[in-house]
Peer 1: 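Would you mind keeping the following structure in view while I ask a few things?
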Number of protein chains: 2
Amino acid sequence: MPGDADIASVAALMGEPARAAVLMALADGRALAATTLAAEAKVAPSTASGHLGRLVEGGLVTVESSGRHRYFRLAAPEVAAALEALAHLAPHQQVRSLSQATHAEAIRRARTCYDHLAGRLGVALLDGLVATGALHVQEAGEGSDPVLGAGRARTYLLTADGRSRLGALGVALDPPTRRPLTRYCIDWSEQRPHLAGWLGAALLTRFVELGWVLRASRRVVKITESGWVALAERLRVDVDACR
Amino acid sequence: MPGDADIASVAALMGEPARAAVLMALADGRALAATTLAAEAKVAPSTASGHLGRLVEGGLVTVESSGRHRYFRLAAPEVAAALEALAHLAPHQQVRSLSQATHAEAIRRARTCYDHLAGRLGVALLDGLVATGALHVQEAGEGSDPVLGAGRARTYLLTADGRSRLGALGVALDPPTRRPLTRYCIDWSEQRPHLAGWLGAALLTRFVELGWVLRASRRVVKITESGWVALAERLRVDVDACR
DNA sequence: CCAATGCTTCGGGGAGGGCCGAAGTGTGCC
DNA sequence: GGCACACTTCGGCCCTCCCCGAAGCATTGG
């Protein structure tokens, strides 16, 4: 029966609370160290190490050594997609209070992923930049960044036009480090890419400076009234799709 | 952390070989009896009963009693989607031989689901019937069939035009039983609906009689050259999307 | 070179859960 | 009514595997 893939082994890997916590912590595309993940999953380092070994062996996670740290990352966007599909089924949203529901909705609308925008807003922002020609999409690129998305199959290039328009907005366009200017993550709630890399971070920073977005909590951001207007008019973000 | 859904509990349900086998058996949308599923999973009826109870309690599967049988079915298309996402990750496709790869592709192109066509061909067939006005889509219908798709939110009605065109083709349009004329399943590989119900079965039967499709194995069907031509010309099936 | 840090391997304790067969309940057929 | 069938519940066996702490390699920094 070639159609019957071995779902059970993969699902079993995800079906253990500590490992699920690890995977969820990695779901936004970050690469995190073993100790961090142990804390995230609330288990001893030795326990976490065992789980991480299994996840790597199972092909869900990849590891990259850097000095005395080992950084773990989801092995492929498909893993995030599977996590999202499962989250969609989970104990029907476990929404106990209205505030939790609003928060869950807010997090899907606009959140930060590491240091850049994600959620519907992050996706729409990238769409807008591409649609207006500020970014040019080039397929089959390669690259590697220890923290964000390595070896993805696509590259976003900042065009001359984009450079002038975003520069006029006051966005810092030249990375002071070796961090790639553009990069993308597959958004776990939208299953579509949003902009990461230095440019993703610089945009968020500038939006905060301009008062377009406010950091509401650790991950959630709030868009101000003037922010909605500015994002729509100056960056052609489809704000109706985000609200 | 309201964004962190309880993935682990759902994944654990899918992460046990016997339960995974049950879910895969149900993945094409069929409703199967407990004994059948026990055989499928190769466990004792009592064991299967326990697993099925957990799956129902976990909301992945629904149950419907009919006489002394109890028919189990996936609770929602989202469950099939999650299974598909997991299968996509499974021990990298375990494609050892070229023939296995070709077979996996063949099964996605055109297969049977219970007694009607599924896969890309099944989806394109339904699309063609709707596009040519042979079927009329009515939203928010209700219905119940112990074997295929109960209580779905949509109904396909056979129009007078469709009746005459399909009748001319020799398709048996009047179910001798109480089985509903039209019904649909969400296709697990395409995540779009294909035609089920009596009409779905009658079409497959007639296609075989006409020599348009051949049953190649238990689930795979092969479309003949004249079959491709006839499906495109007489039923307006978008065959290019299927090949 | 020695400490501190990050991570892994190892051993043992414990709980959870899968499996089956036997017995019980409900339904259909003769 | 009585037998056959479909399914569930119960009890007991056994095995997996999750957990931690202690000890063992690496790497970095003083």
Side-chain angles (χ1 to χ4, degrees), chain A residues 6-26 30-73 91 146-147, chain B residues 6-26 30-73 75 91 144 146-147 177-178:
Chain A
D6 182 16
I7 271 190
S9 61
V10 187
L13 280 175
M14 299 179 170
E16 198 283 326
R19 283 194 296 263
V22 164
L23 291 169
M24 288 304 276
L26 297 174
R30 288 178 295 179
L32 297 176
T35 310
T36 314
L37 291 168
E40 194 78 28
K42 299 183 173 59
V43 292
S46 60
T47 305
S49 178
H51 286 311
L52 289 167
R54 282 161 182 263
L55 290 172
V56 170
E57 193 186 8
L60 297 186
V61 160
T62 57
V63 74
E64 193 171 341
S65 292
S66 169
R68 56 184 171 184
H69 297 267
R70 298 186 78 202
Y71 291 97
F72 295 86
R73 189 202 329 267
V147 172
Chain B
D6 181 17
I7 270 189
S9 62
V10 187
L13 280 175
M14 299 179 170
E16 199 283 327
R19 284 194 296 262
V22 164
L23 291 169
M24 288 304 276
L26 297 175
R30 288 178 294 180
L32 297 176
T35 309
T36 313
L37 291 168
E40 195 79 28
K42 299 183 174 59
V43 292
S46 60
T47 305
S49 179
H51 285 312
L52 289 166
R54 281 163 182 261
L55 289 172
V56 169
E57 193 185 8
L60 297 186
V61 161
T62 57
V63 66
E64 193 172 341
S65 293
S66 170
R68 55 183 170 181
H69 298 266
R70 296 186 78 204
Y71 291 98
F72 295 86
R73 186 196 340 259
S144 179
V147 173
T177 64
R178 291 213 182 152

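Chain A is the first sequence line, chain B the second, and so forth, proteins listed ahead of strands; every chain is numbered from 1.
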Peer 1: Mind checking what makes side chain to side chain contact (heavy atoms under 4.5 Å, CB included) contact with S49(B), not counting sequence neighbours?
Peer 2: none
Peer 1: If you take all heavy atoms of A20(A) and M14(A), which pair is closest and at what distance?
Peer 2: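 Distance-wise, the nearest heavy atoms are CB-O, 3.5 Å.
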Peer 1: Tell me: NE2 of H69(B) to C1' of dT25(C), nearest whole Å?
Peer 2: 16 Å
Peer 1: Output the rounded distance in Å from CG (L55(B)) to P (dT8(D)).
Peer 2: 12 Å
Peer 1: Under the rule for side chain to side chain contact (heavy atoms under 4.5 Å, CB included), what residues qualify as partners of A18(A), not counting sequence neighbours?
Peer 2: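 With sequence neighbours excluded, A18(A) shows a side chain to side chain contact (heavy atoms under 4.5 Å, CB included) to E16(A), A41(A), V43(A), H51(A), given in chain and number order.
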Peer 1: Calculate the interatomic distance between R70(A) atom CZ and dT9(C) atom C1'; express it in whole Å.
Peer 2: 13 Å
Peer 1: At their closest point, which heavy atom of F72(B) faces which heavy atom of A34(B), and how far apart are they?
Peer 2: CE1-CB, 3.8 Å
Peer 1: As an exercise, state the distance from OG1 of T47(B) to NZ of K42(B), rounded to the nearest 0.5 Å.
Peer 2: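 Nearest 0.5 Å value for the OG1-NZ distance: 14.5 Å.
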Peer 1: Let's see if you get this right: which residues in residues 44-53 of chain B place a heavy atom under 4.0 Å from DNA chain C?
Peer 2: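 Per residue number, the list reads A44(B), S46(B), T47(B), H51(B).
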Peer 1: Tell me, please, which residues at least two apart from A39(A) pass side chain to side chain contact (heavy atoms under 4.5 Å, CB included).
Peer 2: none
Peer 1: Less than 3.5 Å apart, which donor and acceptor atoms pair up between the side chains of residues 54-61 of chain B and the rest of the protein, not counting sequence neighbours?
Peer 2:
none

Peer 1: Can you check the K42(A) NZ to dC19(D) P distance for me, whole Å?
Peer 2: 13 Å
Peer 1: In Å, rounded to the nearest 0.5 Å, how long is the span from CG of L26(B) to CG of L37(B)?
Peer 2: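 If I round to the nearest 0.5 Å, the distance is 5.0 Å.
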Peer 1: Return the residues of residues 12-21 of chain B meeting this criterion: a heavy atom under 4.0 Å from some atom of DNA chain D. Order them by number, or give none.
Peer 2: none
Peer 1: Taking CZ from R68(B) and P from dT27(C), how many angstroms apart are they, rounded to a whole number?
Peer 2: 12 Å
